[in-house]
Amino acid sequence: MNPIGFSLLSLVSLAIISIVIAQERAPHGLVYENPEAFSPSAYSFFHPNGRKPETKDPCAESKCSPFPLAAQVEATEIHESKASTPQNGRKQLGGGGIAGIIFGVAFVVLLAMGIYHVRVTRRVNMSRAKANKSVQPDV
């Protein structure tokens, strides 16, 4: 079998074995998670647009001025916005981007292994040619 093919096969089998052993040693995932109940304050923090209990207007009795209309509209638009804007102008990396990076690194590694194999093979062939040339008598 080709040395590169053998090393690639052994690397893949080693990776599969390590994944299986890790899964047996420490199972993980949503299946193995224990559900925990949120406190009411945590639920209201993560669900800002949920139903809120009916409260009296605090400014009705004390006759204080309510928030300006512009502040209320801005706060509503922020909570009801469907498109999330990336913070600091950065875009998030999705699953396709991560897969592209992994395949790119794998391609570069395989390309480097191929170049190394060709160089070693040529070097060996040249040294054999020199050895054969020096052993043959001149005619």
Suppose we screen for side chain to side chain contact (heavy atoms under 4.5 Å, CB included). Which residues come up paired with [X], at least two apart in sequence or across chains?
{"X": "S41", "answer": "S39"}
{"X": "I98", "answer": "L93, I102"}
{"X": "L14", "answer": "none"}
{"X": "R128", "answer": "V124, N125"}

(Q) Once ring pair (Phe, Tyr, Trp, His ring centres under 6.0 Å) is applied, do any residues pair with F107, and if so which ones, sequence neighbours excluded? (A) none
**Q.** Atom pair CG (L110) and NE2 (H117), whose distance is rounded to the nearest 0.5 Å
**A.** 13.0 Å
Q) About how many Å separate CZ of R123 and OG1 of T121, when rounded to the nearest 0.5 Å? A) 10.5 Å
Q: For S13 and S10, work out which heavy atoms get closest and say how close.
A: OG-O, 2.9 Å
